[in-house]
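What follows is a short report on a single structure.
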Amino acid sequence: MGKKRRRVKIHYGRFIVFLLILIIIVGGIIFAVSSCNKDTYRSESGFEDYAAEYFESIGGAQEYGNMQQSINYGDVKSVALQFPEFGEGVQNDVVKKVLRDAQDSFNKKHNAAADKGEGQYALMIGYESYKTDQEINSLAMYTSEREEIDGDMQIVDDNVHAYNFIAKNGMELSATQIFRSDYKKGVSKYVKEYLNDEYGDELLGGYEKYISADADNFNEFILTDDGVTFFLDDGTVLPPEKGIIKVRMSDKDLKGIKRDKINLRAMDPNKPMVALTYDDGPRIKSSNRILDVMEKYGVVATFFEVGRSVDGIKGADKVLKRELELGCEIGSHSYTHADLSKLSKKKIRREVRKSTEAIKRACGQAPTVFRPPYGNANKKICKIIDMPCILWYVDTWDWSSRNSKKIVKVIKKEKNLDGKVILMHSIYDSSAKATEKIVPWLIKEGYQLVTVSELIKYKYNEEPKNGKLYGYTFFYSGE
Ligand code: ZN
């Protein structure tokens, strides 16, 4: 019996050894195969390869700025950066800001995990940049946050920051300087067709929202040598793992969308800026006198025109076209200069629509902003108007005084005009005369004269939103 038992024992022993070897071999194979397939890294050199792959995936050119690279591997947090260096100035500031913001947010999210030694997180930043033959340099910086999920490094958040700079002075260009005022409509149409051709069934439900001609869309783009590249955020039109989607439009595709000649007026977001606005026009003589000042000093203003004063008025179309050529912004001031607070919803809509149509007929472009007559509009009315509703900060009372000296005095009395909107009217010679005095004074005081939309974008860091009321409190930047 004893012998027999011993034999059985040996048999089991061999079997267990065999099983162990089998497990090690099979496990090893599975591990080897899986680590080959998995999109991850386990070492410093592994992360260097992983980062190199990311930089390469961006594609495009790096024609502009000196390329810098830094790769930092950590057991939990790893960071790989590739960015252009420009020395001093606005361009360098924007690059530094992107690098700083992305790293701050990444560290904040994952410092606790790093302390515990748990997980694997990567932040990657890369870029593409162009020197175009239109005296413009462009830069797109990409940030990609990744996290190990089920053994795979997966994209958690992808972002793009796009800039266009004037080559000779490094100042940033705004969309209104590059495109015609209603450019988003044309871009929206093109992008929709492109996405349907290219991706068809893969498109996410509700993707149309992200490619409509709204304030939130098509604000990120770069000029390249033969067109413009627009960026669509990850997870908006396609599943997030597809990352940021680039849509290229050639100059041919951009006909009627891009300005024939890009307005190369310099703008520095770090310097004080003020927006002159003129209501109730156009009136041929006084409007042109104001535009003469804009042209002489190379500055811009916003004109809130009354539809009725455009429709069928000889020479009105020329005034509006001149405003656009000089880079000024055209707003709507309703069709009949009606007090909208006394009108029905339907009649408000009619005032807005008719005015938009009249302005578009005259100059080929729709107005981009709206000013309610008498400043009479609340949040509810602005929703109905469905354009950015702009009031003012400094009322010059020019319509009441009709005296250029008094108008100038009201403006000069303000201690700080940075971020402010000044209200005047383009139908009085006294207001035109005041403009001749006030523009050189503002320039001497160090102010940049910008359009209302530029002011909202560059001073307040927001895209003008349809249906939003930009009132006194909005422009009161506090002092
Ligand atoms: Zn008015």
Side-chain angles (χ1 to χ4, degrees), residues 174-189 213 254-263 265 275-295 299-338 340 347-373 385-390 423-429 431-432 435 450-454 464 466:
S174 71
T176 50
Q177 289 173 274
I178 297 166
F179 297 112
R180 299 181 55 158
S181 64
D182 47 0
Y183 77 99
K184 289 186 181 180
K185 275 189 192 153
V187 177
S188 169
K189 191 169 165 257
L254 288 161
K255 210 163 184 283
I257 294 172
K258 202 169 126 194
R259 282 173 177 274
D260 294 334
K261 196 174 183 315
I262 291 168
N263 184 338
R265 181 168 46 89
L276 291 175
T277 64
Y278 296 88
D279 290 5
D280 294 3
R283 183 177 156 251
I284 312 299
K285 194 173 153 234
S286 46
S287 290
N288 271 318
R289 190 168 165 189
I290 293 166
L291 290 172
D292 289 344
V293 182
M294 302 296 140
E295 190 165 358
V299 297
V300 295
T302 304
F303 294 88
F304 291 97
E305 311 290 35
V306 176
R308 196 172 54 182
S309 305
V310 175
D311 248 355
I313 305 292
K314 206 168 163 250
D317 57 337
K318 276 202 187 125
V319 173
L320 266 60
K321 280 177 190 154
R322 189 176 174 208
E323 287 166 0
L324 291 178
E325 268 164 34
L326 293 174
C328 293
E329 184 167 26
I330 297 182
S332 164
H333 196 40
S334 85
Y335 191 77
T336 65
H337 204 275
L340 302 181
K347 283 192 172 148
I348 294 173
R349 283 209 188 95
R350 197 176 133 87
E351 281 282 344
V352 175
R353 196 191 65 238
K354 280 188 75 179
S355 171
T356 295
E357 285 167 1
I359 289 168
K360 210 171 166 183
R361 264 196 304 277
C363 67
Q365 295 194 45
T368 39
V369 282
F370 189 93
R371 174 166 284 157
I385 292 166
D386 200 27
M387 291 173 75
C389 289
I390 315 293
L423 167 65
M424 287 192 266
H425 295 79
S426 56
I427 52 174
Y428 307 116
D429 290 325
S431 302
T435 302
V450 296
T451 65
V452 161
S453 289
E454 287 166 353
N466 288 344

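Given the structure is predicted, the values throughout are model-derived calculations rather than measurements. Side-chain atoms are counted along with the backbone in the values below, which use heavy atoms only and exclude waters and symmetry mates.
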Exercise for the section: Go through the steps to decide whether Asn288 and Ile284 satisfy the test side-chain contact (heavy atoms from CB on, under 4.5 Å), and finish with yes or no. Expected result: CA-CA 6 Å; Asn288 271 318; Ile284 312 299; 3.7 Å; yes
Handout entry: Salt-bridge criterion met for Asp311 and Arg361 (N-O under 4.0 Å)
Key = yes
Problem - Any Leu291 side-chain heavy atom under 4.5 Å of Cys328 side chain - result: yes
Handout entry: Side-chain (Glu351) to main-chain (Ile348) donor-acceptor, under 3.5 angstrom
Key = no
Practice task
Please report the shortest heavy-atom distance between Pro282 and Val310, naming the atom on each side.
Solution key: CD-CG2, 3.6 Å
Practice task
Decide yes or no for Thr435 and Tyr278: does some side-chain heavy atom of the first lie under 4.5 Å from some side-chain heavy atom of the second?
Solution key: yes
Problem - Closest approach of Leu324 to Gln365 (non-hydrogen atoms, all atoms of both residues) - result: CD1-NE2, 3.5 Å
Exercise for the section: Work out which heavy atom in Leu340 is nearest to a heavy atom in Ile385; give both atom names and the distance. Expected result: CD1-CD1, 3.7 Å
Handout entry: Stepwise side-chain contact (heavy atoms from CB on, under 4.5 Å) check, Asp386 with Val352
Key = CA-CA 9 Å; Asp386 200 27; Val352 175; over 6 Å; no
Problem - Tyr335/Thr356 under side chain to side chain donor-acceptor pair (under 3.5 Å): CA gap, chis, key distance, verdict - result: CA-CA 8 Å; Tyr335 191 77; Thr356 295; over 6 Å; no
Problem - Salt-bridge present (Asp317, Arg322; N to O < 4.0 Å) - result: no
Practice task
Might you point out which heavy atoms bring Ser334 and Pro373 nearest each other, and give the distance in Å?
Solution key: OG-CG, 3.4 Å
Completion exercise
The residue among Ile290, Ile359, Leu320 that forms side chain to side chain contact (heavy atoms under 4.5 Å, CB included) with Phe303 is Ile290
Handout entry: Intermediate values then yes/no, side-chain contact (heavy atoms from CB on, under 4.5 Å), Val187 and Ile257
Key = CA-CA 7 Å; Val187 177; Ile257 294 172; 3.8 Å; yes
Problem - Main-chain N/O of Asp292 paired with Glu295 side-chain donor or acceptor, under 3.5 Å - result: no
Exercise for the section: Check whether any side-chain heavy atom of Glu454 sits under 4.5 Å from a side-chain heavy atom of Gln177, and report yes or no. Expected result: yes
Practice task
For the pair Glu305 (side chain) and Asp280 (backbone), establish whether a donor and an acceptor sit closer than 3.5 Å, ignoring hydrogens and angles.
Solution key: no
Handout entry: Value rounded to 0.5 Å, distance of NZ in Lys347 from OG1 in Thr336
Key = 10.5 Å
Exercise for the section: Mind checking the CZ-OG spacing from Arg350 to Ser355? Nearest 0.5 Å is all I need. Expected result: 12.5 Å
Handout entry: Spatial distance of atom CZ (Arg289) from atom CE (Met294) [nearest 0.5 Å]
Key = 12.5 Å
Exercise for the section: May I ask you to say whether Arg283 pairs ionically with Asp429, meaning some side-chain N is under 4.0 Å from a carboxylate O? Expected result: yes
Problem - Thr302 side chain reached by Leu276 side chain, heavy atoms, under 4.5 Å - result: no
Problem - Atom pair OG1/NE2 of Thr277 and His333 - distance to nearest 0.5 Å - result: 9.5 Å
Practice task
Using a strict 4.0 Å threshold on nitrogen-to-oxygen distance, state whether Arg353 and Glu357 make a salt bridge.
Solution key: yes
Problem - Student check: side-chain heavy atoms of Cys363 and Ile330 closer than 4.5 Å - result: yes
Practice task
Output yes when a side-chain donor or acceptor of Ser426 lies under 3.5 Å from a complementary backbone atom of Ser287, and no otherwise.
Solution key: no
Practice task
Sequence neighbours left out, what pairs pass salt bridge (Lys or Arg N to Asp or Glu O under 4.0 Å) with at least one residue falling in residues 323-334?
Solution key: none
Exercise for the section: Indicate whether any N or O donor in one side chain lies under 3.5 Å from an N or O acceptor in the other, for Thr176 and Tyr183. Expected result: no
Fill in the blank from the handout: Tightest non-hydrogen contact, residues Phe370 and Phe304, listed as C-CE2, 3.7 Å
Exercise for the section: Please check if the side chain of Arg371 supplies one atom and the backbone of Ile390 the other of a donor-acceptor pair under 3.5 Å. Expected result: yes
Completion exercise
Heavy atoms of Ser453 and Val369 approach each other most closely as OG-CG1, 3.7 Å
Handout entry: Axial cation check for Phe179 ring with Lys258, 6.0 Å and 45° limits
Key = no
Handout entry: Side chain Ser332, main chain Pro367, donor-acceptor under 3.5 Å
Key = no
